[in-house]
Amino acid sequence: MEDLSTKTAIIYDHGTFVSIAERLGKDFGRVLYYSECKSAFPQKKLTLPGYGLQNVERINNFWDYVPEADVFVFPDVMDGDIQVHLRDLGKQVFGSFKGEDMELNRQGMKEYMKELNLPVGHYEVVKGIDALRKYCKAHKNIWVKIDTYRGDFETLQAKNYAYIELKLDEIERELGAVKNEVEFICEDDLDNKVEMGYDGYCIDGKFPTQTLQGIEVKDLGYVGVMRPYNKLPEPVKHFNDVIVPTMKQYGYRNFFSTEVRIGKDKVGYMTDACCRTGSPPNELYQNMFTNFSQIVWEGAHGRCIDPIPQSKVGVEVLVHCSWAEKNWLPIQFPEKYYDNLKFRNVCVIEGQHYIVPQYVGLPEIGAIVATGETLDEALAEVEEIADSVRGYYVDVPLNAIDKAKEEIEKFKNLGYNLFE
């Protein structure tokens, strides 16, 4: 393996994946962290994610440092054009490149899956908030999504119109003059199906022979188990097999997750592709994969190596604080647990960790992760750490694990045993 202590890595991010810079800092000789901080009216706070962290240098002018880097890491989407340009310059890049379109262009991805003869659930596209209101009045239990602009709103469930009316009012206010120009994707709920998926990485169409398979509880947490790739549920593998030529064409070299809904008929409906380091479970990868940095380095060079797991089972629970969306948050914890804590938009000022306010309408400020040989062992550690984290209005939703266990039982009823 390459001696990474002699190498320089630049992470190009938007604040969500600061912890990846910290993790790479354990192995690389130099780690530079950049997130966008420029505008006509710049704000000091935008220059602070990554500032003051151990083994991480915050930079504010990305292109000034390009000649110094041995590898470029893009954990998020929206920067495929920059990645392609760096690749054209002969640089080594770990990123999704224009493969990010598989996530950002949901409408296009659904049409593409139809072309590939993959199952696609019923959905309709409606243009404008007025049309969306009408659709929600006529249909119950649907999922409303949007292409590209997750900052306008995240995926939401419309059980009925009364359930979602006030949220639609908020969306209408936020969209303003373009409220009837935006297209909304309205998907039928896939009843009596459970969500499985692939959680790992893909390098030029190649997948590792070992991977983490898990259950995500939306916006709350994740439970994962290390398994041989060939033991993944067939519907999950089938999607990956079909999409391989596309990944090769994009030159995709990044982490990759899928959400596949499976019922008793064993047909897999891939509802959303995550063409970045998903959150969860990337925070868990950082501890679970002892060779995390080598995976990134080798992947950037087009080589897909297997992860070396620290343990068999991993648990991740997200840390919430809605107050931190608009306000600075001092976050306190015992130093001995810091490797288990993965914060977003974090900086250190005079020895104190702060979450920098980055309002996007989401309460997540980070995650707690733990690994073990059994689920109970990993869960006990997460609970212990959760009890020690302090911050104004900070909440750790440990009930996510109970919900994950319920999904594990549903898997068993379909003939899939996650822990076999």
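All residue numbers refer to positions in the sequence shown, counting from 1.
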Going from CG on Leu418 to CD1 on Ile408, what distance comes out if it is rounded to the nearest 0.5 angstrom?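 These two atoms lie 5.5 Å from each other.
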CD of Gln92 to CZ of Arg87: how many Å apart, nearest 0.5 Å?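 Reported to 0.5 Å precision, the distance equals 11.0 Å.
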Enclosure of [X] [atom1] (heavy-atom neighbours >12, cutoff 6.0 Å):
X	atom1	answer
Glu373	CD	yes
Lys206	NZ	no
Gln249	CD	no
Asn192	CG	no
Gln157	CD	yes

Just checking, is any N or O donor in the side chain of [X] or [Y] under 3.5 Å from an acceptor N or O on the other one?
X	Y	result
Ser35	Asp13	no
Gln286	Asn282	yes
Asn287	Thr371	no
Lys38	Asn60	no
Glu22	Tyr338	yes
Asp27	Ser293	yes
Glu384	Tyr337	yes

Least distance between heavy atoms, [X] atom then [Y] atom:
X	Y	answer
Val18	Pro49	CG2-CB, 4.3 Å
Gln213	Tyr222	C-OH, 3.7 Å
Tyr198	Pro208	OH-CD, 3.3 Å

With [X], which residues qualify under side-chain contact (heavy atoms from CB on, under 4.5 Å), at least two apart?
X	value
Gln107	Asn105, Val125, Asp147, Glu183, Ile185
Asp204	Arg253
Leu362	Glu154, Val360, Glu364
Tyr112	Met109, Glu115, Leu116, Ile243, Thr246

Under the salt bridge (charged side-chain N to carboxylate O under 4.0 Å, His left out) definition, can you give me all pairs with a residue in residues 268-278, not counting sequence neighbours?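 As it turns out, the salt bridge (charged side-chain N to carboxylate O under 4.0 Å, His left out) pairs with a partner in residues 268-278, which skip direct neighbours, are Glu103-Arg276, Arg106-Asp272, Lys145-Asp272.
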May I ask you to test the Met288-Met226 pair for a side-chain heavy-atom distance under 4.5 Å?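 A side-chain contact exists here, since the closest heavy-atom pair is under 4.5 Å.
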His14 and Gln358, any side-chain heavy atoms less than 4.5 Å apart: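 Gln358 does not reach His14 side chain to side chain.
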Could you tell me whether Phe255 and Phe292 have their ring centroids closer than 6.0 angstrom?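 So the answer is yes for these two rings.
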Salt bridge between [X] and [Y], side-chain N to carboxylate O under 4.0 Å?
X	Y	answer
Glu234	Lys266	no
Glu111	Lys114	yes
Lys110	Glu187	yes
Glu68	Arg30	yes

Parallel, tilted or perpendicular for Tyr34 and Phe62, by the 30°/60° rule?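 If you compare the ring of Tyr34 with that of Phe62, the planes turn out tilted.
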ring-ring contact (aromatic ring centres under 6.0 Å, His included) contacts touching residues 390-412 (sequence neighbours left out):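 Output for this query lists Trp323-Tyr392.
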